[in-house]
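The structure appears right after this line, and notes come after that.
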Amino acid sequence: MTRVASSAEVQKNFGAFREIALQEAVIVQHYGSPSVVIVSADEYNRLRSSDRQVLMLDDLTDQDLDDIAKAEIPGAYRYTSDQVPE
């Protein structure tokens with residue numbers, strides 16, 4: 001679940017929202033629009049660790065290259081250029 005609060009509420013009661021953010025995300029709205037999200041350090045680290053990483057070709061092992069060469073697109077996701085909307 002996600003909690004939504006105004007920036008004024010969070011400013012006045014930061015300690016309470018900090019505690020809430022340890023359990024669930026807190027979306028902070030500024031003038032009625034989402035501005036920032038407060039999450040726990042553990043959740044932040046989990047999200048950061050799932051970021052894509054860029055590797056140089058030289059960093060890949062022979063097994064990695066073999067796996068890439070053998071990879072196939074599942075049938076449900078195959079399409080031709082004629083099927084791409086303009």
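Note that the structure is predicted; figures quoted are calculated from it, not measured.
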Discussion item. Starting from Ile27, can I reach Phe14 by hopping between I/L/V/M/F/W/Y residues whose side chains sit under 4.5 Å apart?
Written reply: no
Practice prompt. Might you work through the salt bridge (Lys or Arg N to Asp or Glu O under 4.0 Å) test for Glu9 and Arg3, ending with a clear yes or no?
Written response: CA-CA 12 Å; Glu9 287 178 281; Arg3 183 73 59 103; over 6 Å; no
Worksheet item: To the nearest 0.5 Å, what is the distance between CD (Gln29) and OG (Ser6)?
Response: 8.0 Å
Worksheet item: Any side-chain heavy atom of Leu65 sitting closer than 4.5 Å to one from Leu57?
Response: yes
Practice prompt. Using a cut-off of 6.0 Å, state whether more than 12 heavy atoms not belonging to Gln23 lie near its atom CD.
Written response: no
Item to complete: Indicate the atoms forming the closest heavy-atom contact of Arg78 with Glu72, along with that distance.
Response: NH2-OE1, 3.5 Å
Worksheet item: If you count the non-hydrogen atoms of other residues, nucleotides and ligands that lie under 6.0 Å from CD in Gln11, is the total more than 12?
Response: no
Response to the item:
Separation between OG (Ser40) and CZ (Arg18), nearest 0.5 Å, reads 10.5 Å
Worksheet item: Around Asp59, counting heavy atoms of other residues, nucleotides and ligands shown, do more than 12 lie under 6.0 Å from its CG?
Response: yes
Discussion item. Could you go through Val28 and Val37, starting from their C-alpha distance and side-chain angles, then the distance that decides it, and tell me whether this counts as side-chain contact (heavy atoms from CB on, under 4.5 Å)?
Written reply: CA-CA 6 Å; Val28 182; Val37 178; over 6 Å; no
Worksheet item: According to the salt bridge (Lys or Arg N to Asp or Glu O under 4.0 Å) rule, which pairs have a member within residues 35-47, sequence neighbours left out?
Response: Glu43-Arg46
Worksheet item: Do Ile20 and Val10 belong to the same hydrophobic cluster, where Ile, Leu, Val, Met, Phe, Trp and Tyr are linked whenever their side-chain heavy atoms lie under 4.5 Å apart, directly or via other members?
Response: yes
Worksheet item: Just checking, any donor-acceptor pair under 3.5 angstrom between side chains of Gln63 and Asp67?
Response: yes
Practice prompt. Tell me, yes or no, whether the heavy-atom count around Leu55 atom CG, taken from other residues, nucleotides or ligands under 6.0 Å, exceeds 12.
Written response: yes
Discussion item. Can you confirm whether Leu60 sits close enough to Ile68 that some side-chain heavy atom of one is under 4.5 Å from a side-chain heavy atom of the other?
Written reply: yes
Discussion item. Tell me whether Val26 shares a hydrophobic cluster with Leu22, the cluster being built from Ile, Leu, Val, Met, Phe, Trp, Tyr side chains joined at under 4.5 Å.
Written reply: no
Discussion item. With a sphere of 6.0 Å drawn around CZ of Arg48, does it hold more than 12 non-hydrogen atoms of other residues, nucleotides or ligands?
Written reply: no
Worksheet entry | Gap between atom CD1 of Ile73 and atom OH of Tyr79 - 0.5 Å precision | 7.5 Å
